[in-house]
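See below for the structure under consideration.
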Amino acid sequence: QSTGGRFSYDLRIYREQLRDLIIAYIERDSDEPFNRESPLGVHYCEAHEGWCRVQEFVNDGYADIDGFEAQIRLQPTPDWLFSFAYAYAHNEGEILSDINFDGVPVIYSSTSTLTPRHTLSLLAHYTFRHGWSAGAQLYRVSDMKFIGGQNTGGYRTLDLQLRKAFPIGRYEGDLTLKVKNAVNHA
C-alpha cells in the first residue's frame with residue numbers, strides 16, 4: 001500500500017479457507033407430504049416428482065478462495081478524483097446439495113461458481129465551485145450462481161451522481177440526485 005498525495009495504490013493477495021459450511025440440502029424420502037420432527041424443529045415435506053422433499057441444514061462442505069485485489073487512486077488536481085479497482089477470485093471446493101432417504105450423501109456440488117471471478121470498478125468525480133460536485137461510477141461483475149439459484153450472467157452498471165453541499169449553521173447538509181444503473185445493463 002502506498003500513498004503519495006495525488007497518487008495511491010493498494011495491492012492485496014489473499015487465501016480464505018472456509019470449512020464446515022452451513023448448507024441447506026434437500027433430503028429425499030419416499031413418503032407422501034407430512035410434518036415431521038428433526039433436530040432443528042418441524043419441517044414440512046412437500047411432494048416433488050414422486051418423492052418427498054425436505055430441506056435440512058448441516059455443516060458439510062468447504063471452499064478455498066484465492067485471489068487478489070488492486071486499487072489505484074489518482075487526484076491530479078484538488079477538484080478531480082479518479083479510481084480504478086479490480087478483484088480476481090478463484091473458488092474451489094464442494095458442498096452437499098442432495099441426500100437420499102437413508103441419510104447417505106449422494107450429490108456434492110462445486111463451489112467454483114459461487115464467487116464472481118472478476119470484479120471491476122471505475123470512478124470519476126469532479127468538485128465544482130459553490131458546493132456542487134458530480135460523479136460517475138462504472139461497475140462490472142462477472143457471472144456467478146447462488147446456491148440452489150440461477151446464474152446471474154454477470155452484470156454492469158453505470159451510476160451517476162450530482163450533489164449540492166450547503167451549510168446549516170455549524171453543520172453541513174447536502175442534496176444529492178443519484179441515477180442508479182443509468183444505461184440499464186444487467
Quiz item: Does the S142 side chain pair with the main chain of R117, one donor and one acceptor, at a distance under 3.5 Å?
Solution: yes
Quiz item: Do S112 and N91 have side-chain atoms, one donor and one acceptor, less than 3.5 Å apart?
Solution: no
Quiz item: Would you call P76 and F82 a side-chain contact if the rule is heavy atoms closer than 4.5 Å?
Solution: yes
Quiz item: Do R19 and D64 sit within salt-bridge range, that is, some charged N less than 4.0 Å from a carboxylate O?
Solution: yes
Practice problem: Spell out, as yes or no, whether a donor-acceptor pair under 3.5 Å connects the side chain of T111 to the backbone of G93. | Solution: yes
Practice problem: Would you mind reporting whether Y139 and L158 have side-chain heavy atoms less than 4.5 Å apart? | Solution: no
Quiz item: Ignoring hydrogens and geometry, is there a side-chain-to-backbone donor-acceptor pair from D159 to N181 under 3.5 Å?
Solution: yes
Quiz item: Got Q17 and Y62 here, is their nearest side-chain heavy-atom distance under 4.5 Å?
Solution: no
Practice problem: List, by chain and then residue number, the residues other than F166 in its hydrophobic cluster (Ile/Leu/Val/Met/Phe/Trp/Tyr, side-chain heavy atoms under 4.5 Å); write none if there are no others. | Solution: I168, L175
Exercise. Give a yes-or-no answer on whether the side chains of Y108 and D60 include a donor-acceptor pair shorter than 3.5 Å.
Key: yes
Quiz item: Is there a side-chain contact between R140 and H118 (heavy atoms, below 4.5 Å)?
Solution: no
Quiz item: Side chains of Y155 and D143: does their closest heavy-atom pair fall under 4.5 Å?
Solution: no
Self-check item: Sequence-distant partners of L123, side-chain contact (heavy atoms from CB on, under 4.5 Å), two or more places apart
Solution: L81, S83, Q137
Practice problem: Sequence neighbours left out, what passes salt bridge (charged side-chain N to carboxylate O under 4.0 Å, His left out) with D174? Give chain and number order. | Solution: R163
Quiz item: Aromatic ring centroids of Y126 and F128 under 6.0 Å?
Solution: yes
Practice problem: Verify, without hydrogens or angle tests, whether T152 (side chain) and K145 (backbone) share a donor-acceptor contact under 3.5 angstrom. | Solution: no
